[in-house]
Amino acid sequence: MNAFRLVGDLCHLAAIVLLLLKIWKSRSVAGLSGKSQILFGLVFVTRYLDLVTNFVSPYNTIMKVFFLSSSIATVYLIYTKFKATYDGNHDTFRMEFLLIPCALLAIVVNHEFSPMEILWTFSIYLEAVAILPQLFMISKTGEAETITSHYLFALGSYRGLYIMNWLYRYYYENNFDVIAVVAGIVQTVLYCDFFYLYITKVLQGKKLQLPA
Amino acid sequence: HNHNLVHDEL
């Protein structure tokens with residue numbers, strides 16, 4: 001474990017907690033893409049199948065349990081409890097356009113052709129693009145609530161910090177996973193446009209508004 | 001099964 005990865009995991013944790021706080025306090029899922037949350041749930045389910053078979057550390061297990069349960073809870077809140085506030089008309093990104101290419105790529109490009117490893121690879125590829133429905137929805141509505149933009153900033157930062165973690169592990173632990181690194185770079189690049197808007201607008205106290 | 005495939009990251 002290194003500081004980059006620890007801070008990255010804490011950013012990820014903060015993002016998920018921020019999202020749950022937003023939903024619970026505002027009693028609304030307005031502006032949230034249920035599709036992205038479904039994809040994130042799928043990412044955790046397919047990645048953490050080794051939760052019981054492969055013990056890494058208490059920290060690893062606790063975080064996996066929290067990520068799994070919180071992502072499933074978020075999907076539940078969006079599609080059942082606060083369904084009345086879910087803005088389905090703007091959450092129209094076709095998930096199959098992400099699921100099918102990620103599945104095919106995971107079958108073709110992986111470290112080992114075994115079910116667990118292909119599912120892990122699928123989860124890595126899917127995580128890289130899972131935020132697209134949310135970013136697409138913001139581009140359609142033209143704006144995002146401030147707390148939603150904090151959520152996105154924390155979520156985008158987590159994988160950016162992981163890139164530094166991979167650099168660190170490459171130089172000091174001689175550990176390198178090209179699949180995770182390439183997907184992680186793609187994932188972080190997808191947030192760049194949002195990062196620019198967040199830093200130039202939200203941090204200036206303005207609402208996140210996309211140029212019409 | 002090449003055992004360096006233990007994924008120790010979240």
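Sequence lines set the chain letters: A, B, ... in the order given, protein chains first and strands last, and positions in each chain run from 1.
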Mind listing the closest non-hydrogen atom pair of B:Leu10 and A:Tyr48 along with its distance?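 Result for this residue pair: C-OH, 3.4 Å.
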
Return the minimal non-hydrogen interatomic distance between B:Asp8 and A:Asn60, and the atom names on each side. O-ND2, 3.5 Å

Counting only heavy atoms not in A:Tyr170, do more than 12 fall under 6.0 Å of its OH?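 No.
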
Does OH belonging to A:Tyr171 count more than 12 external heavy atoms closer than 6.0 Å?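 Open: at most 12 neighbouring heavy atoms sit under 6.0 Å from OH of A:Tyr171.
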
Using a cut-off of under 4.5 Å on heavy-atom pairs, state which of A:Met63, A:Arg5, A:Lys64 scores highest against chain B.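 The answer is A:Arg5.
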
Taking the basic N atoms (NZ, or NE/NH1/NH2) and the acidic carboxylate oxygens, is any pair closer than 4.0 Å for B:Glu9 and A:Arg47?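 Looking at A:Arg47 together with B:Glu9, the answer is no, because their closest N to O distance does not fall below 4.0 Å.
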
Relative to chain B, which segment of A:Phe44 carries a heavy atom at a distance below 4.5 Å: side chain, backbone, both, or neither? neither

The single option from A:Asp177, A:Val56, A:Asn54, A:Ile124 passing side-chain contact (heavy atoms from CB on, under 4.5 Å) against B:His7: A:Asp177

